[in-house]
Every structure is written in C-alpha cells, then in structure tokens.
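A short write-up of the structure that comes next.
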Amino acid sequence: MKAIELQNIPPKGYFFKDFGEILQGKCKTDRLEDIIGAVSEINHIQSNTPGKKVVVSVVLKDLKGNCINCNLWEIYGSKFLAYYNDPKNNGAIVILLTHAMVKDGQVSNAWSGSKLLINEDIPEIQDFMSKLPTNEQKEKPTQSAKSLSNWSGGSQYSPVERFVHNARCMSLSQFCKIKHETLYVTVATTLKFAVSKYGWFYYGCTRCSSKAPNPEKAYECSCGQKVEQPIPRYKIEIYVSNGESKYRFVFWDSECAAILGMTAEFMHNSMVENGEDDPMVYPDELEMLLNKKMAFRVKNQSKTEYAKLVPNKENLETSAQTLSASGENDQESIILMTPAKDVVIADKGEEVDFEASGATQLSGTKPSKKLKIEPSS
C-alpha cells in the first residue's frame, strides 16, 4: 500500500426519503434511508436510568409541511439534548440523519452506522434552513408537557395541569358568548363537515400553506418559493358540539395529513385516477376526523381562535401527532397533548371530563362510496 493524493474528491451524496412517501407507507422496512427535516417539537424525553436507555422523540417537518416522528436512541439522543440545552444555540434546528430505519410512519437511528448532523455547515442543511419561512428560522422548537414532565423526573405539574395552566375551563356554550380575549379549555365532539363552496382542499404553495393565486399557473410565493405546480392542501371545516351548542373549526393541511396518514395531494391523485376531480366530493377517508370527543384549549382574540386537543388513551403509546384546528379566520396550529382522565371543575360548577372517548371510531353513517356533498342554501 502507498499513499496517493487524489484531487477533486466529490462530497458525500445524500438520497433523502420523501416524508409524504413515509406517511403513505411507500417505503421498505429492510432499507435504510437518509432523512432531513426541521424539529418542530420535542414529544418525549427518556433519561438514562437503571433499566432504561436514553431516547428522544421529536417531530420532524419537511418543506411541504409533512410531519413525521423521529426517535433518537442513546448517543444520538444525548447528542441532540446536548445541542438543544446549550444556551448558545437558538433558532430552528435542522437535523440530517443518515441510514435511518423507517417503520409504521416513523424513523429512528440504526443501532450502528447512522450519522446525526445538527445544524452543520454543509450545503444540504444550509439550503434546507434557507428555505424555511423567516419566522420559523428564528424559532427554537418547543417541548410538550409530556417531555417536560418525563425529563424533569419530579415535575410538580401533571400533563393535564400543564394543559389547563392559565386557562379558564368552561362549556362550549359559555365560550360562544365570550367577546373579549381569553384562554379557555372545553370539551366538544367533532360532529359533521361544514361544507363550503370550495370543498375539502385548496391549491397552495409547495413549501408553505399559502393559497396559490391560480391552481393552473406557476408563480413565486411570498415565502420565496418558485412554484411550478401548486399542490392540493387540506382545509376541512368541521362543526364541533357539546349539548345544544355548536361551533365551527377549520382543520388545516399538515396536521390532517399526520392524522389521516396521507397528504391531500396523494388523496386527490387517487381520486383523479378513479375518475373523480370534484373538490365537493368528500373522500371516505375524511370520516376519521368525525365522531371524536376532544378537549380543546382555545384562545379567543378578535374572533381568532386556535385549539389544542387531547386524544384518548389508546393513542398515548404511539408517537404524538399534530392536529390543526382553528376558528373560522385563523391558521394557528395545535398539538395533541398527553391524554388524561382528570376531571376539571369549570365555571358555574360544570365539569369538563378530559377522558376523550371514541377517538378512533368512524362515523356510523359512513357511506359505502364517495358521495358528492352540495352546500346548503
């Protein structure tokens, strides 16, 4: 053997797996993939204790708004926590994980061979960071109530206490009468779709959630993205009810994709292949959003609301997903928090039960085929 100096050695090439394909199950479990995404939230932190290994569960978001869960084990989790807890590191966190294992819509590092890069000065990460919306580039990912309580070990607040912190607990009927700014928690059941003249999706930017001016023409979005072909994105209006009170919320794109396990683009393309291109035809798969009893954390400010929902205990062991629900005029995203069975006493002696029952049940009136829903007069 002898040493030889080689010139112009090319850099390592990465072949990133599309998040949309992971959500749709278009991946092989015996194949390792390269992953890149921005950390939008830290779901779970398990410290290194006797009988347990370090694991950090985070939500990764791509430039199309798709979200997947990523589990970082042992030295990979420790490396992420060291970076996250360093006060010198602020702003967005973009991670690149090589040779990741993909299973059930989630990714994790392989036991050997994976490499974790966090905000490294390499073209792939710097290019991804530059394409993030300006406000997201400056935001450090948050920790969910569950991750905070697990990491602290002896947190004085339970997940449900964090969920209702600084919020008034009231019934939906009480909230409907509120005219001033307030933060409240209530329980309601997703009832039925509020059909608009636009249907269940709209055409938007391939990077952000902005609406495209024309679904058939290329344009440059306000986020800086040059869009050759706008893509379908979820916008589903749903009535929620509690007793005789009803209120309308809008469920937005990336969160619906996480719950349904498929993007609006994939669902729309599947319908087109079957000869249906009418947005007024609601796919059967959307029924999964109905007949769910949820706890909502809502902020009312100038007729703008956002909410956080608590699923039932059956979904606790799965990695947390995101769900977006808002009032009629806002696109504030929300997060599925840790479920709980505690009963919180609301105003005027009313009880708000945080046990979300039937969160995975489909509607009993689910049609056998796709039906066209006409807006009422």
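These numbers come from a predicted model, not from an experiment.
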To the nearest 0.5 Å, what is the distance between [atom1] ([X]) and [atom2] ([Y])?
X	Y	atom1	atom2	answer
Ile75	Asn109	CD1	CG	8.0 Å
Ser114	Leu32	OG	CG	6.5 Å
Gln229	Glu265	CD	CD	9.0 Å
Cys256	Glu285	SG	CD	13.0 Å
Tyr247	Tyr239	OH	OH	11.5 Å

Using a distance-only test with no angle check, is there a side-chain donor-acceptor pair under 3.5 angstrom linking [X] and [Y]?
X	Y	result
Asp34	Thr98	no
Gln225	Thr206	yes
Tyr83	Asn119	yes
Asp277	His268	yes

Any chance [atom1] of [X] has more than 12 other-residue heavy atoms, nucleotides or ligands included, within less than 6.0 Å?
X	atom1	value
Lys64	NZ	no
Lys79	NZ	yes
Tyr219	OH	yes

Just list the side-chain donor-acceptor pairs under 3.5 Å for residues 125-134, sequence neighbours left out, or say none.
| from | atom 1 | to | atom 2 | distance (Å) |
| --- | --- | --- | --- | --- |
| Gln126 | NE2 | Glu120 | O | 3.1 |
| Asp127 | OD2 | Lys131 | NZ | 3.3 |
| Ser130 | OG | Gln126 | O | 3.4 |
| Ser130 | OG | Asp127 | O | 2.7 |

Out of Ile42, Asn43, Ile68, which one pairs with Val59 under the side-chain contact (heavy atoms from CB on, under 4.5 Å) rule? Asn43
Mind telling me whether Phe201 and Tyr203 have parallel, tilted or perpendicular rings, with 30° and 60° as the class edges? perpendicular
Kindly assign one of parallel, tilted or perpendicular to the pair Trp252 and Tyr202, based on the angle between their ring planes and the thresholds 30° and 60°. perpendicular
Okay, side chain of [X], backbone of [Y]: is any donor-acceptor separation there less than 3.5 Å?
X	Y	answer
Glu287	Asp284	no
Thr186	Met170	yes
Asn89	Asn85	no
Arg207	Asp62	no
Ser196	Tyr198	yes

Nearest atoms (heavy-atom pairs only) where Ser57 meets Asn71: OG-OD1, 3.1 Å
Both conditions, 6.0 Å and 45 degrees, for the charged tip of Lys26 above the ring of Phe266: are they met here? no
Side chains of Val250 and Ile236 in contact at under 4.5 Å (non-hydrogen atoms): no
May I ask you to decide whether Glu220 forms a salt bridge with Lys226, counting only side-chain N to carboxylate O separations under 4.0 Å? no
Under 4.0 Å between a side-chain nitrogen and a carboxylate oxygen: does that hold for Glu136 and Lys138?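 Salt bridge: no.
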